[in-house]
Colleague: 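Sharing a structure here in structure tokens format.
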Amino acid sequence: VILFWFAWLVGCRRSEQAPCAGCDVVWITVDSLRADRVGAYGATSNLTPSVDALARRGTTFRTAIAQGPHTLVSVPTFFASRYLHQTGMTFDLAARQQYRRLSENVTTLAEVLTAAKYETVGYVASPLLAGPGARFGIEQGFSKWTGASDPEVTKAGIEQLEEVRPEASPLFLYLHYQGPQPDNPERADFEARHGAFDTPIRSARGATADLYMKIREGNVAVDPAGWEWIRALYDDAVQDTDALVGQVLDAVSKRRRPTLVVFSSDHGESLGEVRDRPYLGHNQALWDEIVRVPLVMAGPGVQENEVRSDGLAELIDVAPTIATLLGIAVEPAWKWEGRPLLGPGGGPGAYAISTSRSSTDVHGIIRDLRAKVLADRVAQEGQRFDLDADPFEQSPMLVDMGVDPLGQVLHASWASSRIVEAQMFASDEDRAVLGETPTAAPTGEPTPQN
Ligand SMILES: [Zn+2]
């Protein structure tokens, strides 16, 4: 009887405290996917039926914020569960010699799962994250990390999922799609579905990275029909990527192993939204269409068909949420700054921070559900936006960062990072690996698309 009672107690504790103990974990990110293109986030154009089906099986975090506005300042933050200024990373698209790699002092989710006997595998379609030019340490903790195209990511991911696994060795599979980033060519049926776009920028090659660059530099003007054409191409690419994601999710469903699934993007994308001048793409700006991302989780311990709109989720919360659901206690030594979004005491938070960083400045936003404050790190004055009245962030109110409640939190976050940051700048050895010296002139290499 005592033995039975003990077994019941253990089983009970496990079900309450670690509903997904031993689960496999599949985390899929689609680069540059705006939250507002996802049906689960209110989009009515049915571009993402696969992600929407996942959302019905799980929990959607309605206001989810990326901690950086492009790939190399977002992905390392969510793997390390730290704000950008705590990772050692810098990535400046305008001054390539200023790169810093991810500090080896951080503890990544993959390292934590490796220690928990997981096999950690990433298939990654971003040339900034994997491949010959990707030397930023993003793969820290993965036993296998492979650069691939979107179709190859799908194929390799499915093959990995179909492998028979030993019970004692669960899988952490990370799949990163390039998604709707240019080049976005016109599909064969493009005109039949969207109509003809009467715009001088239209070409059969579609929206190329080169065109994006020329528009950003002001060398190509875009008329209203041109913006509609660019958005149609983006939407088609979202739809195509969702179909690939759907193949992976089907493969997950066919397995017998309990699996925790996470779907997110790394940041969004500007598509000609009206500011002081229309902007396209993503780089250093922190507007809502760039920092708001989809975030859906499903699996044992995750409530089905649930939408959490009672606070903000940050992508740095995903790692501690996964750990909590798996029954892995988050150690203080890891210095994770995210908090569990699910489980006892977990949930969305009161605010979210996103930071951009270049060779010349650090600036960031802090956002709650109604307002957003944007500031440079060294500036005493910030800009506050009332997001209900001004959703396109066109009418800032100047605020004193020492007085504004959100501004105070942002400044405190930056202030707390100074010592850590000083220790984390890349060593001379790192710089040598990157082919740079502190005083190096620009290399003249083409600016990569993020
Ligand atoms: Zn990205």
Side-chain angles (χ1 to χ4, degrees), residues 27-38 48 51 64-80 83-84 87 89-94 96 99-102 122-131 133-139 145 147-150 153 174-184 207-209 212-213 216 230 233-235 237-238 240-242 244-245 262-271 279-295 314-316 318 352 354-358 364-365 446-450:
W27 185 350
I28 301 169
T29 54
V30 174
D31 212 293
S32 308
L33 174 60
R34 295 164 60 123
D36 68 2
R37 290 310 199 265
V38 177
T48 58
V51 175
I65 302 292
Q67 273 56 73
H70 56 85
T71 309
L72 269 182
V73 294
S74 174
V75 175
T77 65
F78 61 63
F79 279 160
Y83 293 116
L84 178 64
T87 64
M89 289 293 300
T90 64
F91 183 74
D92 184 352
L93 290 174
R96 214 177 163 190
Y99 291 178
R100 301 286 180 270
R101 54 174 282 130
L102 179 64
Y123 294 106
V124 181
S126 167
L128 294 178
L129 298 177
R135 290 169 298 194
F136 306 102
I138 309 302
E139 70 283 4
W145 182 259
S149 67
D150 280 3
V153 165
Y174 176 76
L175 303 179
H176 187 103
Y177 286 93
Q178 195 70 335
Q181 289 205 77
D183 298 351
N184 293 328
T208 60
Y212 268 44
M213 185 63 70
R216 278 200 291 265
I230 286 170
L233 291 164
Y234 177 91
D235 288 356
V238 169
D240 289 348
T241 311
D242 179 81
L244 296 177
V245 170
V262 180
F263 178 85
S264 67
S265 61
D266 57 345
H267 52 77
E269 186 90 324
S270 281
L271 294 169
Y279 188 75
L280 176 65
H282 57 275
N283 184 338
Q284 307 283 341
L286 296 161
W287 292 309
D288 249 28
E289 71 270 15
I290 295 176
V291 298
R292 280 193 76 166
V293 291
L295 177 59
E314 301 184 291
L315 290 182
I316 59 169
V318 173
S354 189
T355 312
S356 188
R357 176 169 168 173
S358 72
I365 58 111
T447 305
Q449 283 305 298
N450 39 324

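Counting starts at 1 for both ligands and their atoms, in listed order. Heavy atoms only: backbone and side chains are in, while hydrogens, waters and symmetry mates are out.
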Colleague: If the condition is salt bridge (Lys or Arg N to Asp or Glu O under 4.0 Å), which residues does Asp288 pass it with, not counting sequence neighbours?
Modeller: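 Testing Asp288 for salt bridge (Lys or Arg N to Asp or Glu O under 4.0 Å), a comparison that skips the adjacent residues, returns Arg367, Lys372.
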Colleague: Any N/O/S atom, backbone or side chain, of His267 lying under 2.8 Å from the Zn ion (ligand 1)?
Modeller: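 Coordinating: yes.
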Colleague: Do Thr29 and Asp266 pair up side chain to side chain, a donor and an acceptor below 3.5 Å, judged on atom types alone?
Modeller: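 Note: Thr29 and Asp266 side chains miss the donor-acceptor criterion.
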Colleague: Which is the closest N/O/S atom of Asp266 when seen from the Zn ion (ligand 1)?
Modeller: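 For Asp266, the N/O/S atom sitting closest to the Zn ion (ligand 1) is OD2.
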Colleague: Taking just the N, O or S atoms of Asp31, which one is nearest to the Zn ion (ligand 1)?
Modeller: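 Closest to the Zn ion (ligand 1) among those atoms: OD1.
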Colleague: Assess whether side chain to side chain contact (heavy atoms under 4.5 Å, CB included) is satisfied between Ser264 and Leu315, documenting all intermediate values.
Modeller: CA-CA 8 Å; Ser264 67; Leu315 290 182; 4.1 Å; yes
Colleague: Please find out if the Zn ion (ligand 1) and some N, O or S atom of Thr71 are separated by less than 2.8 Å.
Modeller: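 For Thr71, the answer is yes, given that an N, O or S atom comes within less than 2.8 Å of the Zn ion (ligand 1).
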Colleague: Does Asp183 have any salt bridge (Lys or Arg N to Asp or Glu O under 4.0 Å) partners at least two apart in sequence or in another chain, and if so, which?
Modeller: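 Salt bridge (Lys or Arg N to Asp or Glu O under 4.0 Å) list for Asp183, sorted by chain: empty.
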